[in-house]
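Start at 1 and go down the list; that is how both ligands and their atoms are numbered. Here the structure is a predicted model, which means the values were calculated and not measured. By convention here, the first residue in the shown sequence is residue 1.
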Amino acid sequence: MTTEILKKIKHLDHFINGEFRSSASGEVFKTMNPATGDVLATVSLGTAKEIDEAVKSAKHAFEHGPWPKMSLKERCAILKRIGDIILERKAEIALAETLDTGKPITESLEGDIPRSAMNFHFFADYAQTLETECFTGSPTEKHFAVREPLGVAGLITPWNLPLYLATWKIAPALVMGNTCVLKPAEWTPYTATLLGGIANDAGLPPGVLNIVHGFGANGAGEALTRHPDVSCISFTGETTTGKAIMASASSTLKKLSFELGGKGANIIFEDADLEEAIPTAVRAGFRNQGQICLAGSRLYVQEGIFDKVIEQLTKQVKAIRVGDPQDPQTQMGAIISKEQLEKVEKYVKLGEQEGKVLAGGERLKEFAQGNWLAPTLIAGIDNSSKLCQEEIFGPVLTVVPFASEEEVIAYTNSTTYGLSASLWSKDAARCERVAKQIKTGIVWVNCWFVRDLRTPFGGQKASGIGREGGRWSLEFFSEAKTITYKYKE
Ligand code: NAD
């Protein structure tokens with residue numbers, strides 16, 4: 001039944017002012033199924049013209065529409081309805097996400113799609129707990145710190161967690177009373193388009209959410225960052241793209257939030273619980289085909305347990321069930337594109353030259369038309385290797401031994417990135433000591449990918465600027481204003 005619905009949607013349009021529209025030029029591009037190489041749908045190709053239309057619609061909705069004037073409670077009720085509809089249509093949306101990304105259906109059904117609904121539910125609940133601060137230094141003065149929406153928010157998202165990351169930005173932007181224009185990744189436009197229809201069904205007023213498909217540099221993405229009526233850009237993607245956006249947004253002086261690349265370290269000390277640490281290291285390396293900014297793609301193992309860990313790790317990596325993303329038993333699916341596959345393969349070659357490939361390394365013959373690489377484990381390399389320093393963003397896990405706390409802290413902090421790290425040890429004092437010296441936005445102790453949406457999420461160094469999550473997101477999508485009252489004595 002749900003497959004039938006998806007079969008009918010063979011063309012994806014922009015969503016502007018509550019309507020689905022093609023581009024003025026009639027131009028389209030294709031979105032492919034990474035698992036099979038088949039064309040999934042044609043997509044209207046947006047340019048500066050469609051971005052301008054979308055921004056005009058968002059600006060009109062902000063200045064003249066009901067959205068910013070509604071009570072917070074009314075806005076939250078609509079956002080919660082969007083979350084409810086996502087859950088009601090979970091099977092269909094999950095299938096669309098799997099077909100568009102190549103990720104296992106279980107991952108879409110149990111991870112991406114429920115989390116997308118949760119983003120709306122969470123921010124709707126959380127925003128209603130916010131208090132307005134009042135400073136009363138003198139009995140004759142009251143200084144209120146109020147939060148006001150910014151106007152039109154520009155949102156630009158990547159392909160690895162398409163609906164999950166789009167809704168992570170849309171929900172806080174809208175709950176604060178902004179309107180927005182989303183430019184989803186060109187590789188994965190499907191579920192964003194479905195969200196447009198869901199927004200209408202939930203009663204979101206026209207123009208509050210607008211979606212324009214297209215490319216980044218010299219395309220719709222760049223046009224959004226340059227548009228004078230866009231107040232802020234919330235961007236998730238590569239570090240190099242963040243730098244380009246900072247430059248293009250500077251002429252119109254926009255507020256910026258950047259969630260960029262990562263090169264997560266996963267540290268296993270000799271006293272770690274290996275029953276937990278090893279399977280988690282495998283998940284951290286290969287979940288979503290290793291295409292997660294938070295992936296634990298660099299594994300550091302203390303010398304005394306190195307051989308034992310390598311033996312178990314190799315077995316577990318070889319046992320990962322790679323295959324048809326629509327099969328509920330599948331644990332690892334396809335890589336997003338041919339380009340990404342070729343980029344990852346260059347790193348595998350480097351691993352063969354510099355060290356030893358202990359598992360994987362080859363394309364999967366049974367899926368000749370798609371973008372498939374067996375889960376790959378590489379050892380025998382130095383920490384200074386590109387394999388340990390650059391973001392690969394694919395199913396490749398490197399393992400390097402270390403002798404001491406000092407050495408592994410230096411290894412962990414040696415990359416330009418600073419998003420996340422995990423450490424495994426039964427010694428609580430050591431965990432605290434090491435966690436404090438790691439230069440990342442997130443440190444997990446004896447776990448990985450455990451999230452509370454109220455906490456700050458983001459990276460240090462080349463991994464980002466600013467934080468998302470809880471009040472950090474709500475602060476970004478609002479302007480603080482002081483209103484002072486002076487009374488007569
Ligand atoms: P990307 O930077 O290539 O593209 C991301 C988005 O930016 C796309 O929508 C693209 O069209 C747009 N874009 C590209 N160039 C642009 C430009 N000059 N101006 C405006 N928009 C432009 O990233 P990707 O390949 O889609 O995603 C993978 C990257 O995202 C990895 O580096 C990964 O670590 C990062 N990522 C980070 C987080 C995080 O929270 N820190 C989460 C997920 C992914």
Side-chain angles (χ1 to χ4, degrees), residues 29 31 34 43 45-48 51 100-101 103 112 115 119 154-169 181-189 192 211-227 230 233-250 254 256-264 287-297 335-337 339-341 343-344 390-394 415-420 440-442 449 451 453 455-469 472-473:
F29 64 101
T31 183
V43 190
L45 175 65
T47 60
I51 286 288
D100 216 8
T101 58
K103 70 176 68 195
D112 292 49
R115 171 59 194 274
N119 287 337
L155 316 175
I156 303 179
T157 48
W159 47 258
N160 63 326
L161 300 163
L163 193 63
Y164 176 136
L165 289 177
T167 53
W168 180 234
K169 296 183 188 301
V181 177
L182 168 73
K183 209 299 280 172
E186 53 272 39
W187 299 102
T188 52
I211 301 164
V212 177
H213 297 297
F215 299 115
N218 304 314
E222 189 175 328
L224 187 61
T225 66
R226 291 190 186 281
H227 202 292
V230 173
I233 295 287
S234 174
F235 168 72
T236 299
E238 282 190 11
T239 299
T240 47
T241 311
K243 290 178 186 172
I245 290 177
M246 191 173 234
S248 60
S250 68
K254 296 186 190 338
L256 299 173
S257 162
F258 285 163
E259 297 294 340
L260 308 176
K263 187 72 182 169
R287 184 168 173 186
N288 208 38
Q289 298 69 248
Q291 303 167 141
I292 303 189
C293 53
L294 302 168
S297 56
I335 291 177
I336 189 71
S337 63
E339 290 86 337
Q340 188 66 15
L341 171 62
K343 180 185 150 194
V344 176
E390 297 178 1
E391 185 182 45
I392 300 173
F393 220 60
T415 73
T416 55
Y417 297 105
L419 188 57
S420 63
T440 56
I442 301 158
F449 216 84
R451 294 270 296 119
L453 301 188
T455 58
F457 177 92
Q460 300 192 19
K461 305 194 290 185
S463 286
I465 297 178
R467 294 290 180 271
E468 293 184 325
W472 287 270
S473 290

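- At least one donor-acceptor pair under 3.5 Å links the side chain of Lys263 to the backbone N or O of Glu390.
- The main-chain N or O of Asn160 is found under 3.5 Å from a side-chain atom of Lys103 such that the two form a donor-acceptor pair.
- Across Thr236 and Lys169, no two heavy atoms sit closer than the pair OG1-NZ, 2.8 Å.
- Ligand 1 is never approached by Gly458 to a heavy-atom distance shorter than 4.0 Å.
- The side-chain hydrogen bond (donor to acceptor under 3.5 Å, both in side chains) search around Gln340 returns none, not counting sequence neighbours.
- Where the criterion is an N or O separation shorter than 3.5 Å, residue side chain and backbone included, Thr236 fails it with respect to ligand 1.
- Closest to atom 6 (C) of ligand 1, if we only count protein heavy atoms, is Thr157 O, 3.4 Å.
- By the 4.0 Å heavy-atom criterion, Phe457 is counted among the residues contacting ligand 1.
- The shortest non-hydrogen separation linking Phe393 to Val344 is O-CG2, 4.2 Å.
- Contact atoms of ligand 1 toward Phe235: 2 (O), 5 (C), 6 (C), 7 (O) (distance under 4.0 Å to a heavy atom of the residue).
- Heavy-atom proximity to Trp159, at under 4.0 Å, picks out these atoms of ligand 1: 24 (P), 25 (O), 26 (O), 27 (O).
- For atom 4 (O) of ligand 1, no protein non-hydrogen atom is found at a distance below 4.0 Å.
- Closest approach of Leu419 to Gly262, counting heavy atoms only: CB-CA, 4.2 Å.
- Looking at residues two or more places apart in sequence or on another chain, you find no salt bridge (charged side-chain N to carboxylate O under 4.0 Å, His left out) involving Arg115.
- The residue among Gly262, Gly459, Gly264, Gly237 with a heavy atom at the shortest distance from atom 35 (C) of ligand 1 is Gly237.
- Annotation: Glu186 places an N or O atom under 3.5 Å from an N or O atom of ligand 1; distance criterion only.
- No more than 12 heavy-atom neighbours from other residues, nucleotides or ligands sit within 6.0 angstrom of NZ on Lys243.
- Atoms of ligand 1 found under 4.0 Å from any heavy atom of Leu419 (numbered from 1 in listed order, with element): 41 (N).
- Relative to the six-membered ring of Phe449, Arg287 meets both conditions, a distance below 6.0 Å and an angle of at most 45° to the axis.
- Proximity of Gly464 to ligand 1 is not established, as no heavy-atom distance is less than 4.0 Å.
- In terms of polar-atom proximity, Ser463 is not counted as a contact of ligand 1, lacking any N or O under 3.5 Å from an N or O of the ligand.
- The shortest N/O to N/O separation between Leu260 and ligand 1 falls below 3.5 Å.
- For a threshold of 3.5 Å applied to N or O pairs, the pair formed by Glu391 and ligand 1 contains at least one separation below that value.
- Within ligand 1, counting atoms from 1 as listed, the ones closer than 4.0 Å to a heavy atom of Pro184 are 9 (O).
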